[in-house]
Amino acid sequence: ERSRVAEDTIHVGVWVGGRTDSRGLKRRGQGRSDQAKSVRLFQKSCKMSEEQHLKEIPAEANEPLKRPSEGKPDLGEIGHVDKKLKSDAEEQKKFPKRKVVLLMAYSGKGYHGMQRNVGSSQFKTIEDELVKSLVKSGCIPENHGTDMKKMSFQRCARTDKGVSAAGQVVSLKLWLIDDIMEKINGQLPSQIRVLGLKRVTGGFNSKNKCDARTYSYMLPTLAFAHKDQEKQDDGYRLSKETLERVNKLFTCYKGTHNFHNFTSQKAARDPSARRYIMEMFCEEPFIRQGMEFAIIKVKGQSFMMHQIRKMIGLVIAVVKGYASDGILERSWGEEKVDIPKAPGLGLVLEKVHFEKYNKRFGSDGLHEPLDWADEEEKILAFKEEHIYPTIIQTEREEQSMVNWLGTLHIHDFEATASGAQNSKVGPQDDEDEGNGSD
């Protein structure tokens, strides 16, 4: 384009020069010199305009075009990570995210309860192990592990430090990957297992939908030996008469009572202290490793913190002769009564009940009833392998029940206190509102 314009300029110069030059060749030569000068000035102007244009273009536009492989870092690990992330994303798209419940069993020894304390690594909990396994197995994204609300996580019961479970149920949303239970259990320690998985309704909440909870408490029967009896060791055997007396006392707990004395920081007139107990009894004793044990079962709508252990502790105090039978009735009144708390070692969350949910959705053709009948054998096998041996061995080594029995004489079971605690509602227990815990 520049050449064509320059050529036109030359022609113009020649024409102008020819017209004005009437005096010979000398004048014509000067015209040619003027023409050449005009061409040089025009070319210089074009060059300056081009340089100015290039300055105004962004720096990246001046860079030469590169092929797709250029301008990227060396593949190596980064390339593999990109491929892995892409592969994971494609894999997750294959699986739907659904609301489910997991049936869990665990031995609580060595753990500070069920509930996770996000941001605190000092105290290890059962949920810490579960969340790690869910992330590693590809059931949930990593950010759901730090913010459990994102997967709508909820537990039926917050078991206390050292307390075990054979039928804990948690609800959450996760990806239904292939071989899901096998992969989750592959990331869990042997003392924690997922024994069952079922689909539930989208709005299901394992805590709120739970109608009742059943706990068991395993203890050496020497706990029921009268304080004046000579035999207070492994050789003690529970008589039929004593077992009947124990069960008669446990039957007194049935129904709705004010259990403010069976927990902490609960005022006598606090409505939430009233709890409904459906059944409580002691089963026939059995012998393990030369020591006789028995299992106590209690079923209730909900339990407050330490409630079950205090219910058992008070009956033991009565049977051993430290307290009178009338203390049970007195403990439900507004007076403050000193009630001993049995050790936590033998306490096990046996089962959680969903009667109302099963009645409404268990036979709708879309959802299964949450009764876990098919998992009974696996539950029993886990208790025999992990829970019962741990309780027995720990009791033999640490003698938690024997040591606790030695403290019963320091309690004043006849003393009562009343007054200030009844005037207002005290602070609420953390473990409350239908959330079975002890």
Side-chain angles (χ1 to χ4, degrees), residues 106-114 123-124 126 159-166 190-191 215-239 242-243 245-247 249-250 262 264 280 282-298 305-323 338-350 382-413 437-438:
Y106 52 84
S107 172
K109 185 176 181 181
Y111 289 93
H112 286 256
M114 172 69 181
F123 302 109
K124 185 171 62 172
I126 301 297
T159 51
D160 202 2
K161 176 184 176 182
V163 177
S164 301
S190 60
Q191 70 186 88
Y215 280 84
S216 68
Y217 188 86
M218 184 177 180
L219 77 171
T221 57
L222 61 87
F224 297 122
H226 197 279
K227 63 182 178 66
D228 298 329
Q229 188 170 329
E230 291 184 4
K231 193 177 285 292
Q232 300 276 342
D233 53 23
D234 295 359
Y236 176 82
R237 297 295 180 262
L238 185 66
S239 66
T242 303
L243 180 59
R245 174 163 162 72
V246 168
N247 279 327
L249 290 169
F250 280 143
F262 293 79
S264 59
M280 190 168 187
C282 181
E283 296 179 342
E284 291 290 332
F286 56 91
I287 298 175
R288 293 286 179 90
Q289 298 182 19
M291 182 182 290
E292 189 178 65
F293 288 86
I295 293 178
I296 299 166
K297 294 274 183 76
V298 54
M305 187 176 181
H306 302 151
Q307 180 183 341
I308 297 173
R309 289 161 63 185
K310 288 201 169 193
M311 291 168 71
I312 294 170
L314 187 57
V315 167
I316 290 175
V318 172
V319 174
K320 290 189 78 69
Y322 289 104
D338 183 13
I339 298 179
K341 179 178 65 179
L345 174 64
L347 190 63
V348 179
L349 174 62
E350 285 283 337
F382 185 88
K383 288 194 289 187
E384 291 290 346
E385 183 179 356
H386 294 283
I387 296 178
Y388 294 157
T390 299
I391 294 173
I392 294 169
Q393 188 63 29
T394 304
E395 179 58 41
R396 281 197 163 280
E397 292 175 356
E398 301 178 5
Q399 295 191 321
S400 58
M401 178 58 71
V402 173
N403 294 332
W404 175 77
L405 291 172
T407 67
L408 288 178
H409 69 279
I410 66 175
H411 290 270
D412 189 351
F413 296 102
S437 57
D438 199 88

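Treat the numbers as computed from the prediction; the structure is a model and nothing was measured. Just so you know, residue 1 is the first one in the sequence shown, and it goes up from there.
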| query | Which pairs with one or both residues in residues 283-293 pass salt bridge (charged side-chain N to carboxylate O under 4.0 Å, His left out), sequence neighbours excluded? | reply | Glu283-Lys297, Arg288-Glu384
| Point-to-point distance, once rounded to the nearest 0.5 Å, from CD1 of Ile312 to CG of Leu249 | 13.0 Å
| remark: Closest non-hydrogen contact found for Met218 with Tyr388 is SD-CD2, 3.6 Å
| request: State which residues pass side chain to side chain contact (heavy atoms under 4.5 Å, CB included) with Thr242; sequence neighbours excluded, sorted by chain then number. | output: Phe224, Tyr236, Leu238, Ser239, Val246, Val319
| said: Testing the basics here: between Thr159 and Ser164, what is the closest heavy-atom pair and its distance to 0.1 Å? | reply: CG2-O, 4.4 Å
| query | Any sub-3.5 Å donor-acceptor pair from Gln191's side-chain atoms to Ser107's backbone N or O? | reply | yes
| note | All heavy atoms of Ala317 vs all of Phe413, minimum pair found to be CB-CZ, 3.7 Å
| query | Measuring from Lys383:NZ to Thr390:OG1, what's the distance to the nearest 0.5 Å? | reply | 14.0 Å
| With Ala223, which residues qualify under side chain to side chain contact (heavy atoms under 4.5 Å, CB included), at least two apart? | Leu219, Ile316, Met401, Leu405
| query | Between atom OH of Tyr106 and atom CG of Leu349, what is the distance when rounded to the nearest 0.5 Å? | reply | 6.0 Å
| note | Minimal heavy-atom distance between Gly110 and Lys124, with the atoms involved, is O-CE, 4.0 Å
| Taking it one step at a time, do Phe123 and Lys161 satisfy side-chain contact (heavy atoms from CB on, under 4.5 Å)? | CA-CA 10 Å; Phe123 302 109; Lys161 176 184 176 182; over 6 Å; no
| said: Quick one, Leu222 with Gln229, criterion side-chain contact (heavy atoms from CB on, under 4.5 Å). Give me CA distance, side-chain angles, the key distance, then yes/no. | reply: CA-CA 10 Å; Leu222 61 87; Gln229 188 170 329; over 6 Å; no
| Run the side-chain contact (heavy atoms from CB on, under 4.5 Å) check on Leu347 and Asp160 step by step: do they pass? | CA-CA 9 Å; Leu347 190 63; Asp160 202 2; over 6 Å; no
| Can you tell me how far the CD atom of Glu398 sits from the CD atom of Gln393, to the nearest 0.5 Å? | 10.0 Å
| remark: Closest heavy-atom pair, Val402 versus Glu395, reported as atoms and distance to 0.1 Å, is N-OE2, 3.7 Å
| said: Side chains of Ser190 and His386, heavy atoms from C-beta outward: is any pair under 4.5 Å? | reply: yes
| query | Side chains of Ile308 and Tyr217: does their closest heavy-atom pair fall under 4.5 Å? | reply | no
| task | Give the minimum heavy-atom separation between Ser400 and Pro343, together with the two atoms involved. | result | O-CG, 3.7 Å
| request: Go through the steps for Phe250 and Val298 under the test side-chain contact (heavy atoms from CB on, under 4.5 Å), then give the verdict. | output: CA-CA 9 Å; Phe250 280 143; Val298 54; over 6 Å; no
| query | Nearest 0.5 Å, what's the NZ-CZ distance between Lys341 and Arg309? | reply | 5.0 Å
| said: Measuring from atom CZ of Arg396 to atom OG1 of Thr394, what distance do you get when rounded to the nearest 0.5 angstrom? | reply: 12.0 Å
